Amino acid sequence: MSRSSELSSTAAPAESTRSNLIAAGFALFGEAGYAATSIRKLAARADTNVASIAYHFGGKAGLRRACAEAAAERIAEAVGLPRTHGAITPEAATAALEKALRGLVGLLLVGEGAQGFVGFMVRELNESPEIVELMFQRFLGPKHRELCALWGAATGQPADSEAVRLSVFAMIGQALYFRIGQPVVLRGMGWETLGPDEAGRIADHLVAQLHAALERSRI
């Protein structure tokens, strides 16, 4: 076996262990909270040994930060957003907002492991100032500003106005509700499950609301 093949074969299990530990962190930190989750439980959930947490993350606190970073990266990737240099037309800004909203709905409702990382985010954003700051710096702040810029370009409103910032938070919150409130949504809609078809209908409805909100906001 060549040296490059040896490195590749050892890197794959290491990356798998790291991914499994992050998934375990999402699940257990989200369910029980950071303080109540032991390293032993995390290792057992990830089907690895206790020492691997220190090896990959430096300890439980490092795994917690890695979970927050992974959640931020997933959301940022799903939302996307075009890299614009200079002016963007209202039509292009509207299309970008719609694409971002559909991407967010897809991730939150039918994305792999969505329940785990959303549960983690909800708990941590309410319990850990450190994680709030990390998430704000890595996703919430930058992406919110980008979405506000698109909203401003679509409507003619100042991107940093209170009205625009609240509108963008409302758009994100509507998508998030359908994950957090999934049991209520299923019961109220008479659905047995929330799969791709149901997620598509939810996305269509939220996009229609987005267009109506943009129309009301145009100056």
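Note that the structure is predicted; figures quoted are calculated from it, not measured.
Annotation: the span from N49 atom CG to I39 atom CD1 amounts to 11.5 Å, rounded to 0.5 Å.
Considering only heavy atoms from C-beta on, L147 comes within 4.5 Å of M171 through its side chain. Residues Y34 and I131 form no side-chain contact, since every pair of their non-hydrogen atoms from C-beta on lies 4.5 Å or further apart. Residues C148 and D160 are not in side-chain contact: their nearest non-hydrogen atoms beyond the backbone lie 4.5 Å or more apart. Side-chain contact check for M121 versus I75: some heavy-atom pair is nearer than 4.5 Å.
Between the side chain of R40 and the main chain of V50, no donor-acceptor pair closer than 3.5 Å is present.
For the pair E130 and R65, the salt-bridge criterion is met [side-chain N within less than 4.0 Å of a carboxylate O]. Comment: R74 does not engage E77 in a salt bridge, judged by the lack of any side-chain N to carboxylate O separation of less than 4.0 angstrom. Salt bridge status for D204 with R102: present, with a side-chain N to carboxylate O gap under 4.0 Å.
Evaluation of the ring-ring contact (aromatic ring centres under 6.0 Å, His included) rule for Y177 yields no partner, not counting sequence neighbours. Partners of R64 by salt bridge (Lys or Arg N to Asp or Glu O under 4.0 Å), not counting sequence neighbours, listed by chain and number: E124.
Tracing side-chain contacts under 4.5 Å through hydrophobic residues (I, L, V, M, F, W, Y), one reaches V118 starting from V184; they form part of the same cluster.
Enclosure of atom CG in D47 is not indicated, since only 12 or fewer non-hydrogen atoms of other residues, nucleotides or ligands lie within 6.0 angstrom. Counting non-hydrogen atoms of other residues, nucleotides and ligands closer than 6.0 Å to NZ of K99 gives a total of 12 or fewer. Other residues, nucleotides and ligands place more than 12 heavy atoms under 6.0 Å from the CZ atom of R218. Taking a 6.0 Å sphere around NE2 of H211, one finds it holds more than 12 heavy atoms contributed by other residues, nucleotides or ligands.
When L109, L108, D197 are each tested for a side-chain contact (heavy atoms from CB on, under 4.5 Å) with I202, only one passes: L109.
F169 and H144 have parallel rings, their planes meeting at less than 30° on a 0 to 90° scale where 60° marks the start of perpendicular.
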